[in-house]
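Here the structure comes first, spelled out in structure tokens, and everything after it is commentary.
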Amino acid sequence: MKVLASAALLALCGQVCASDCVVRVAYPDRDRPPYYLGNGPAIPDVPGAGAELLRQAVHATGCTPALVRLPPARIKLALTNGSIDFALVDLRDNETPYSALPRTAAGLPDTRRGMRLTAVVYVRAVDGLPASTVPGDYFRNRILASNQSSSLGDQLRADGYKVDDGSADASSNMEKLMLRRVDGFTIAVSNPDAADAAVTARQGANLARLPIPLRTSTAWLSASTAYHQQHREQVEAVWTWWSDNSTRRLAELVRQYGKVVVP
């Protein structure tokens with residue numbers, strides 16, 4: 001199957017390279033090293049591991065990626081109105097999509113072609129919370145810190161949680177937790193232990209990750225509905241590449257950037 005998929009990608013590349021297609025891919029205009037570097041609309045020469053991953057996904061079909069940096073709140077609007085072609089979309093399980101996603105034969109979102117994310121929670125070690133603590137219950141009447149403008153914070157707030165997302169980076173949220181301004185800090189990661197080393201590097205044994213996650217979701221490289229309708233084969237090829245390569249390539253890119261940083 002992989003040989004056939006590769007052959008299809010090469011054939012598709014020959015078609016789209018001839019037309020020199022340009023694909024607009026949006027990502028946040030906030031500095032979140034090593035994933036996104038720099039602030040504002042300009043695309044840095046070294047844009048970050050996440051931005052490089054988006055470029056590679058589009059290059060796989062032979063098209064030219066045109067990166068676009070937008071405020072996080074504007075990305076959804078740009079994707080739904082078709083002013084961009086692709087963007088990363090984080091949807092919790094069973095959430096209604098607002099743009100095109102890969103589908104199974106039964107018409108359901110195909111999670112095998114998305115990047116699975118786990119929302120983990122870090123708490124103060126001194127609080128001594130047992131390993132059996134269920135974050136979804138424990139934090140119903142407590143305050144969770146989340147990175148500013150993250151889809152995770154917006155979704156948790158919509159679910160009735162008290163969310164403090166005034167800080168743009170994880171380091172500030174960890175400090176906020178240690179100062180007892182919040183009761184926990186949550187982030188979405190591709191592997192539950194992905195941020196442990198970075199958290200320990202900053203706070204030592206002062207913070208601990210609860211073993212039970214807060215929730216799961218999927219990061220989709222979603223296409224605008226209009227773009228999917230007009231370029232269905234190309235979009236499907238991008239989704240196939242994302243399924244086969246995104247998690248592995250992101251880990252490689254983060255290592256290449258030479259940092260271990262909390263997302």
Side-chain angles (χ1 to χ4, degrees), residues 26-33 35-36 39 50 69-81 84 87-99 101 109 111 114-124 127 129 133-192 194-195 198-199 202-203 207-222 261-263:
Y27 72 99
D29 62 353
R30 303 288 179 86
D31 186 55
R32 288 185 61 193
Y35 301 97
Y36 311 129
N39 288 298
R69 300 198 75 176
L70 294 173
R74 286 184 53 197
I75 291 178
K76 177 178 179 178
L77 176 62
L79 194 59
T80 53
N81 68 23
I84 59 172
L88 274 180
V89 172
D90 176 14
L91 297 179
R92 61 183 179 271
D93 293 347
N94 300 317
E95 184 176 358
T96 301
Y98 52 81
S99 49
L101 303 179
T111 55
M115 183 187 295
R116 293 292 286 170
L117 299 178
T118 301
V120 296
V121 179
Y122 290 89
V123 295
R124 292 177 294 269
D127 290 348
L129 295 182
T133 299
V134 178
D137 298 332
Y138 181 79
F139 285 97
R140 275 296 173 186
N141 297 305
R142 293 175 173 85
I143 302 175
L144 276 168
S146 177
N147 287 345
Q148 191 177 75
S149 299
S150 72
S151 56
L152 173 59
D154 293 340
Q155 292 164 354
L156 291 174
R157 186 178 288 109
D159 286 342
Y161 290 93
K162 297 177 181 179
V163 178
D164 180 339
D165 56 359
S167 297
D169 58 77
S171 295
S172 298
N173 280 320
M174 283 187 272
E175 291 294 334
K176 193 178 295 183
L177 178 56
M178 290 305 301
L179 292 171
R180 295 186 174 274
R181 292 168 54 191
V182 298
D183 303 296
F185 166 52
T186 182
I187 51 173
V189 290
S190 55
N191 292 300
V199 171
R202 285 175 170 78
Q203 293 293 338
L207 297 183
R209 173 171 55 86
L210 294 176
I212 299 174
L214 178 60
R215 52 149 251 188
T216 58
S217 62
T218 301
W220 307 94
L221 186 48
S222 181
V261 180
V262 177

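Because the structure is predicted, anything quoted here is derived from the model rather than measured.
- Inter-residue side-chain proximity for Thr216 and Arg116 is flagged as met; some heavy-atom pair is nearer than 4.5 Å.
- Closest heavy-atom contact between Met178 and Leu207: SD-CD2, 3.5 Å.
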Note to self: Using side chain to side chain contact (heavy atoms under 4.5 Å, CB included), reason through Val89 and Tyr98 one step at a time and then give a plain yes or no.
What the structure shows: CA-CA 9 Å; Val89 172; Tyr98 52 81; 3.4 Å; yes
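- For Arg181, the CZ atom is loosely surrounded, since the number of other residues' heavy atoms within 6.0 Å does not exceed 12.
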Next item on the list: For Leu210 and Phe139, run side chain to side chain contact (heavy atoms under 4.5 Å, CB included): C-alpha distance rounded to whole Å, both residues' side-chain angles, the deciding distance at 0.1 Å, then the answer.
Entry: CA-CA 12 Å; Leu210 294 176; Phe139 285 97; 4.1 Å; yes
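- The closest side-chain heavy-atom distance from Lys162 to Arg142 is not below 4.5 Å.
- Expressed to the nearest 0.5 Å, how far CG of Leu101 lies from OG1 of Thr111 amounts to 11.0 Å.
- Between Arg74 and Asp29 no salt bridge is recorded (no basic side-chain N to carboxylate O distance below 4.0 Å).
- Aromatic ring centroids of Tyr27 and Tyr36 lie under 6.0 Å apart.
- Here Asp154 contributes atom CG and Asp165 contributes atom CG; the two are 6.5 Å apart, rounded to the nearest 0.5 Å.
- Tyr161 places a side-chain N or O within 3.5 Å of a backbone atom of Gly136 that can act as its donor or acceptor partner.
- Residues Thr118 and Pro192 approach most closely at OG1-CG, 4.4 Å, considering heavy atoms.
- For the pair Gly153 and Val163, the tightest heavy-atom approach, listed with the atom from each and the gap, is O-CG2, 3.9 Å.
- Counting heavy atoms from C-beta on, the side chains of Thr133 and Val123 never come closer than 4.5 Å.
- Applying the 6.0 Å contact sphere to CZ of Arg157 captures more than 12 heavy atoms from other residues, nucleotides or ligands.
- In this view, Lys176 and Asp164, Ser167 satisfy the side chain to side chain donor-acceptor pair (under 3.5 Å) rule, not counting sequence neighbours.
- Contact of the Val199 side chain with the Phe185 side chain is not registered, since no non-hydrogen atoms from C-beta on lie closer than 4.5 Å.
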Next item on the list: Could you please spell out the steps behind the side chain to side chain contact (heavy atoms under 4.5 Å, CB included) verdict for Val189 and Val120?
Entry: CA-CA 7 Å; Val189 290; Val120 296; 4.2 Å; yes
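- Applying the side chain to side chain donor-acceptor pair (under 3.5 Å) rule to Ser217 yields the partners Asp90, Arg215; only residues at least two apart in sequence or on another chain are considered.
- Checked by atom type and distance alone, the side chain of Arg69 pairs as donor or acceptor with a backbone atom of Pro28 at under 3.5 Å.
- Distance alone, capped at 3.5 Å, is enough to place a donor-acceptor pair between the Thr80 side chain and the Lys76 backbone.
- Ser146 contributes atom OG, which lies 9.5 Å from atom CD1 of Ile187 (distance to the nearest 0.5 angstrom).
- None of Leu129, Val121, Leu214, Ile212 except one satisfies the side-chain contact (heavy atoms from CB on, under 4.5 Å) rule with Tyr138; the exception is Leu129.
- Here OG1 of Thr186 is found 10.0 Å from CG of Asn173. Values are rounded to the nearest 0.5 Å.
- In this structure, Thr218 OG1 and Met115 CE are separated by 10.5 Å, a value rounded to the nearest 0.5 Å.
- Taking both residues in full, the closest heavy atoms of Asp183 and Leu177 are given as C-CD1, 3.5 Å, listed atom of the first, atom of the second, then distance.
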Margin query: Show, in sequence, the C-alpha distance, side-chain angles and deciding distance for Arg30 and Asn147, and conclude whether the side chain to side chain contact (heavy atoms under 4.5 Å, CB included) test is met.
Written below: CA-CA 11 Å; Arg30 303 288 179 86; Asn147 287 345; over 6 Å; no
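- Partners of Pro211 under the side-chain contact (heavy atoms from CB on, under 4.5 Å) rule, at least two apart in sequence or in another chain, are Ala131.
- Arg202 and Ser171 share a donor-acceptor pair across their side chains, judged by distance under 3.5 Å alone.
- The CG atom of Leu88 sits 10.5 Å away from the CG atom of Leu79 when rounded to the nearest 0.5 Å.
- Scanning both residues, Ala78 and Asn81, for their nearest heavy atoms gives O-OD1, 2.9 Å.
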